[in-house]
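Taking it in order: structure first as structure tokens, then the write-up.
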Number of protein chains: 2
Amino acid sequence: MAFHALSRLTPRAREIVQTARQLLEQEGPDALSMRRLGAQLGIRASSIYEHLRDKQALEAALISVGFEEQAELFAQAVRRSDTPIAALAAAYRDFARRQPNLYRLMTERPLRRDLLASGVEEAAAMPLLEAAGGDRERARAIWAFAHGMVILELNQRFPPDADLDTTWRKGIDALHGAG
Amino acid sequence: MAFHALSRLTPRAREIVQTARQLLEQEGPDALSMRRLGAQLGIRASSIYEHLRDKQALEAALISVGFEEQAELFAQAVRRSDTPIAALAAAYRDFARRQPNLYRLMTERPLRRDLLASGVEEAAAMPLLEAAGGDRERARAIWAFAHGMVILELNQRFPPDADLDTTWRKGIDALHGAG
DNA sequence: AGAATGTCCTAACGGTGTTAGGTTAGCGCC
DNA sequence: GGCGCTAACCTAACACCGTTAGGACATTCT
């Protein structure tokens, strides 16, 4: 999965992006340097530029893959549950905890939408919008809550003894019915 | 205001932090390099290390100032309004929009609490906890929503035509009464 | 006077993204 | 067989980054 977002890239570029993803997730954001990535691939940093325009393009490819995987996971979550909003919340948190560095990369700066694979951002957002009955207002509020919960958790901003499952449940419940 | 957080620093270190703050807010996060900061002060980057241990310490000082100002603004907001949660939400958003780069610095990574001025994080959190009637669960949910709204707005993740005032109002209303 | 302190300096180390320009291997084609 | 083209890699360099070692002052304290 998650190869369609890279379909515009050459095979070698795809390999590089896959390697970059492993490097990012396994060794953290500082490891995602052109030199470290080159070393992982057995080539020099400058050779990467034959395959990807620059680091921004590499990051955009990683973000595109992330959105595509989110879209798939979120659609699945809705399909498998009869409480779609709750299922989406769980899937959202799960994605971020499993791949915190990719999640951060996807959310910590304004998106270079011109560099993303087309449609992936919308595809990731669609399941929630549908689960909210097409109510964009409600979908946005739920998304903001979910992102806030996730990123504050990843950044260890809650006290260690905080019961985040409960906070999630209460928050989602409250926002769920809000008109 | 916002000098108490720096009271542990020498006068020269305080000047440096103040300059750093202007540099960060006026020229963006990339401008906050030791060399650029030195240039702004008319000294070499290496001279900064006479006054601050390293860049982390500089950032921790900036973050401490940010928390201290938040604490003051939030306390004021509660004092001046009879709908404290709504007032806090407005003050929270206002702080972030006025100083987006400082807000990002304060929230985008795990806190080095050992480097912060003591008590400032708690002081900033206190007004909301009190406005939530001491209900930590509720305070956390509201905080997560507020941070999510703010950071997604700063990162231009909502469509340009989104009515964020309404999203804020509905979200806060919903989370307000939630038990 | 002499010591200590505060403040700055130059020079360097290893790291970053990126570009210019050069090499080699393999392929299609006359 | 040899020509040209392309893909993939290379070295060397540029300007930046955080940081440290070691040295030069000028002011202040004893």
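Residue numbering restarts at 1 for every chain, and letters A, B, ... go by the order of the sequence lines.
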Legend entry - Euclidean distance, atom CD1 of residue A:Ile43 to atom C1' of C:dT18 [Å, nearest integer]: 15 Å

Legend entry - Nucleic acid contacts - residues 48-56 of chain B versus DNA chain C, non-hydrogen atoms under 4.0 Å: B:Glu50, B:His51

Inset, instruction - Output yes when A:Arg21 and A:Glu69 qualify as a salt bridge under the 4.0 Å nitrogen-oxygen rule, no when they do not. - result: yes

Legend entry - CD-CG distance between A:Glu59 and A:Leu52, expressed to the nearest 0.5 angstrom: 11.0 Å

Inset, instruction - With heavy atoms under 4.0 Å as the rule, sort A:Ser46 into base, sugar-phosphate or nothing. - result: base

Inset, instruction - Determine the contact category for A:Ser33: base if any of its heavy atoms lies under 4.0 Å from a base atom, sugar-phosphate if only primed atoms, P, OP1 or OP2 are that close, otherwise nothing. - result: sugar-phosphate

Inset, instruction - Output yes when A:Arg44 and A:Glu50 qualify as a salt bridge under the 4.0 Å nitrogen-oxygen rule, no when they do not. - result: no

Inset, instruction - Look at A:Glu108 together with B:Arg104 and state whether they make a salt bridge at an N to O cut-off of under 4.0 Å. - result: no

Inset, instruction - Could you check B:Ala45 against A:Ile16 and say which one's nearest nucleotide on DNA chain D is further toward the 5' end? - result: A:Ile16

Inset, instruction - Determine: side-chain N/O of B:Arg12 to OP1/OP2 of C:dC8, distance under 4.0 Å, yes or no. - result: yes

Inset, instruction - Could you state the atom-to-atom distance from CZ of A:Arg44 to P of C:dG15 in whole Å? - result: 13 Å

Legend entry - Side-chain (B:Lys170) to main-chain (B:Asp165) donor-acceptor, under 3.5 angstrom: no

Inset, instruction - Could you tell me if the ring centre of B:Tyr92 sits under 6.0 Å from that of B:Tyr103? - result: yes

Legend entry - 5' precedence on DNA chain D between A:Thr10 and B:Arg35 (nearest-nucleotide basis): A:Thr10

Inset, instruction - Mind checking A:Leu32 for me? I need base, sugar-phosphate or nothing, with any heavy atom below 4.0 Å counting as a touch. - result: sugar-phosphate

Inset, instruction - Decide if atom CZ of A:Arg136 counts as having more than 12 heavy atoms of other residues, nucleotides or ligands within a radius under 6.0 Å. - result: no

Legend entry - A:Arg14 side-chain N/O to A:Leu9 backbone N/O, donor-acceptor pair under 3.5 Å: yes

Inset, instruction - With a 4.0 angstrom cut-off to heavy atoms of chain B, pull out the first and last contacting nucleotide of DNA chain D, in 5'-to-3' order. - result: D:dC17 to D:dT20

Inset, instruction - Decide, yes or no, whether a salt bridge links A:Arg98 with A:Glu25 under the criterion of side-chain N to carboxylate O below 4.0 Å. - result: no

